[in-house]
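No experiment lies behind these values; they were computed from the predicted model shown.
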Amino acid sequence: MMQGVNQIKPTRLNHTRLTKAVDVTRIKPKTILLGSSTALRLSPVHPVFVNTQPAYNLGLPGAGMQEQLLYFQHALINQPDLKQLIISLDFFSFGVGVKKAPDFIEDRLQKNRITTQDALNAIFSLSAFKSSWDTLAANRASKTSVSALTGLENQSGVTPDQGNSRVLKNFQVVISSYFQQEERYKNYQISNERLKDFKTIIDICRQRKIAVKVFFSPTHAVQLQALHLAGLSSAYKDWQRQVVKIIPTWDFTGYSQINTESMSGEMKNYVDGAHYQYRIADLILNRMFQYQLETVPSDFGVLLTPKTIEPHFAAVRADQIVWEKNNPKMIKFVQDLYAKANR
């Protein structure tokens, strides 16, 4: 890999399943950051990972727990001495309707090199030629969307202070898609099979003495309101209960000062209702690893166990009532999207 020539890969997000499978065979990371697209802002170069490098972000957009399990097992094949795993959990990843991504090919996993078919496609396809050209151009301009070294989505890929219309559009698109898609909120049901996939990951970590930390991804308060309007509040709580039975889990959802940021052109915490900014990813890691805790708001992040989860639900419900009373515009914003999705 040559700096200024091919270290930066602007088209990697178009081939995430392939490139990340190959990266794992090449880098052999000792720390893995696992999850869906909400995990992509977790930094493998955060100071908490200084003693367990190389670290790699194995976030996969739209991935359910079955895909995540298979990629985790792929990582173990290539690095039996895996030291640490961080898992970012999303509600949709445990749903009956979640599907494997179109670019998911199981045959490329559990191997220590790129498959012949993937190699041929990468070398000879027209898209490969275009990707090579884009790679050279991006390296000359020092711009990218994904790092080939860490799997981390590049910070220049999200522009802060985009203006009210752009921010509202981001929230509108994501929340509307959750209302409309079978694998998100529409006709959602928790899958026992996906829960088993998650438990398998945790069981493997315990057997191999791999340090593991798990957290519920910090959605914005309006995303929780969307879930409530979809009639899924009870299912959401049951999902959290089931996860916490398997392993104590950090909860970054709720109505903290981070999650309740007003929607505006100057948002510092969120890209849309489901995806947070890089600074929030750092706060998550700070909280879980007890690192520079003075930087983390006191109401952001709590470790849930079977004994503490019910009192936590009661506290979250009380915070929700206050938030709903004080934010009628955001409530109406979500209600309008829900009504439009159900016409």
Next item on the list: Working to the nearest 0.5 Å, report the span between CZ of R194 and NZ of K199.
Entry: 15.5 Å
Margin query: Please evaluate residues L76 and F72 with respect to the criterion side-chain contact (heavy atoms from CB on, under 4.5 Å), reporting the C-alpha separation (whole Å), side-chain torsions for both, the decisive distance (0.1 Å), and the verdict.
Written below: CA-CA 6 Å; L76 284 176; F72 171 66; 3.7 Å; yes
Notebook entry, point to check: With a cut-off of 6.0 Å (strictly less than), are more than 12 heavy atoms of other residues, nucleotides or ligands near NZ of K340?
Noted result: no
Next item on the list: Using a 4.5 Å cut-off on heavy atoms from C-beta on, say whether the side chain of D299 contacts that of Y255.
Entry: no
Check: Under a 4.5 Å cut-off applied to non-hydrogen side-chain atoms, are S93 and V98 in contact?
Finding: no
Next item on the list: Indicate whether the side chain of S256 and that of N259 have a donor and an acceptor atom separated by less than 3.5 Å.
Entry: yes
Margin query: Are the side chains of I201 and L85 in contact, using a 4.5 Å heavy-atom criterion?
Written below: yes
Note to self: Regarding Q66 and K100, do their side chains bring together a donor and an acceptor under 3.5 Å, going by distance alone?
What the structure shows: yes
Next item on the list: Might you point out which heavy atoms bring L89 and I87 nearest each other, and give the distance in Å?
Entry: CD2-CG2, 3.6 Å
Margin query: Tell me whether the count of non-hydrogen atoms from other residues, nucleotides or ligands lying under 6.0 Å of NZ in K186 goes above 12.
Written below: no
Item checked: Centroid-centroid distance, Y188 to F91, less than 6.0 Å -> yes
For residues 230-244, dump all side-chain donor-acceptor pairs below 3.5 Å to protein atoms at least two apart in sequence or in another chain.
residue: S233; atom: OG; partner: H228; partner atom: ND1; Å: 3.1
residue: R241; atom: NE; partner: E310; partner atom: OE2; Å: 2.6
residue: R241; atom: NH2; partner: E310; partner atom: OE1; Å: 3.3

Note to self: Quick check: closest heavy atoms across S37 and H275, and the distance to 0.1 Å?
What the structure shows: OG-NE2, 2.7 Å
Notebook entry, point to check: Any idea which heavy atoms bring L40 and G59 closest together, and the distance?
Noted result: CD2-O, 3.6 Å
Notebook entry, point to check: For the side chain of T200 and the backbone of K196, is there at least one donor-acceptor N/O pair under 3.5 Å apart?
Noted result: yes
Notebook entry, point to check: Side-chain contact, heavy-atom cut-off 4.5 Å: I331 with Q225?
Noted result: yes
Margin query: Distance check, rounded to the nearest 0.5 Å: N57 atom CG versus L34 atom CG?
Written below: 9.0 Å
Notebook entry, point to check: In Å and rounded to the nearest 0.5 Å, what is the OH to NZ distance from Y71 to K20?
Noted result: 10.0 Å
Notebook entry, point to check: How close do L33 and S43 get, heavy atom to heavy atom, and via which atoms?
Noted result: CD1-C, 3.9 Å
Next item on the list: Not counting sequence neighbours, which residues clear side chain to side chain contact (heavy atoms under 4.5 Å, CB included) with D81? List them please.
Entry: K30, Q79, K83
Next item on the list: Determine the interplanar angle of the H220 and Y270 rings, folded into 0 to 90°, and report it as parallel if under 30°, tilted if 30 to 60°, perpendicular if over 60°.
Entry: perpendicular
Check: About how many Å separate CD1 of I175 and OG1 of T219, when rounded to the nearest 0.5 Å?
Finding: 10.0 Å
Next item on the list: Please confirm whether F300 and F252 have ring centers closer than 6.0 angstrom.
Entry: yes
Note to self: To the nearest 0.5 Å, what is the distance between CD1 on I247 and OG1 on T305?
What the structure shows: 12.5 Å
Checklist line | Heavy-atom pair with the smallest gap, counting every atom of I246 and R206 | finding: O-NH2, 2.7 Å
Checklist line | Over-ring placement of R184 relative to F92, 6.0 Å and 45° cut-offs | finding: yes
Margin query: Using a 3.5 Å distance criterion without hydrogens, assess whether the side chain of K28 forms a donor-acceptor pair with backbone atoms of T25.
Written below: yes
Next item on the list: Identify, with sequence neighbours excluded, every residue that meets side chain to side chain contact (heavy atoms under 4.5 Å, CB included) alongside V174.
Entry: Y178, Q223, D272, A274
Margin query: Using the rule given for side-chain contact (heavy atoms from CB on, under 4.5 Å), can you reason through M288 versus L285, listing the C-alpha separation, both sets of side-chain angles and the distance that settles it, and then say yes or no?
Written below: CA-CA 5 Å; M288 293 196 298; L285 294 173; 4.1 Å; yes
Check: Is the side chain of R287 donor-acceptor paired with the backbone N or O of P297 at a distance under 3.5 Å, no angle test?
Finding: yes
Next item on the list: Could you tell me the separation between the CD1 atom of I280 and the CG atom of L42, rounded to the nearest 0.5 Å?
Entry: 11.5 Å
Check: Quick one: do the D90 and S36 side chains pair a donor with an acceptor below 3.5 Å?
Finding: yes
Checklist line | Worked verdict on I190 versus V96 for side-chain contact (heavy atoms from CB on, under 4.5 Å) | finding: CA-CA 6 Å; I190 297 172; V96 170; over 6 Å; no
Note to self: I'd like to know whether Q277 forms a side-chain contact (heavy atoms from CB on, under 4.5 Å) with M267, so could you lay out the CA-CA distance, the side-chain angles of the two residues, the decisive distance to 0.1 Å, and finally the verdict.
What the structure shows: CA-CA 9 Å; Q277 291 278 18; M267 292 193 81; over 6 Å; no
Check: With distance as the sole test, does N170 use its side chain to make a donor-acceptor pair with the main-chain N or O of V271 at under 3.5 Å?
Finding: yes
Margin query: Applying ring-ring contact (aromatic ring centres under 6.0 Å, His included), can you list everything that pairs with F179, at least two apart in sequence or on another chain?
Written below: Y338
Checklist line | Sub-4.5 Å side-chain heavy-atom contact between V212 and I86 | finding: no
Item checked: Side-chain donor or acceptor of K213 paired with backbone N/O of Q84 under 3.5 Å -> no
Next item on the list: Decide yes or no for L109 and Q73: does some side-chain heavy atom of the first lie under 4.5 Å from some side-chain heavy atom of the second?
Entry: no
Check: Are the side chains of D197 and F94 in touch, meaning some heavy atoms are under 4.5 Å apart?
Finding: no
Notebook entry, point to check: Taking the side chain as C-beta and beyond, is there a heavy-atom pair between W250 and I284 under 4.5 Å?
Noted result: no
Next item on the list: Can you sort out the partners of R279 under side chain to side chain donor-acceptor pair (under 3.5 Å), two or more places apart, ordered by chain and number?
Entry: N269
Notebook entry, point to check: Y291 and H46: ring pair (Phe, Tyr, Trp, His ring centres under 6.0 Å), yes or no, with the steps?
Noted result: CA-CA 10 Å; Y291 176 80; H46 191 287; 5.4 Å; yes
Checklist line | Results of side chain to side chain donor-acceptor pair (under 3.5 Å) for Q53 - residues two or more places apart only | finding: none
Next item on the list: Work out which heavy atom in T253 is nearest to a heavy atom in S217; give both atom names and the distance.
Entry: CG2-O, 3.2 Å
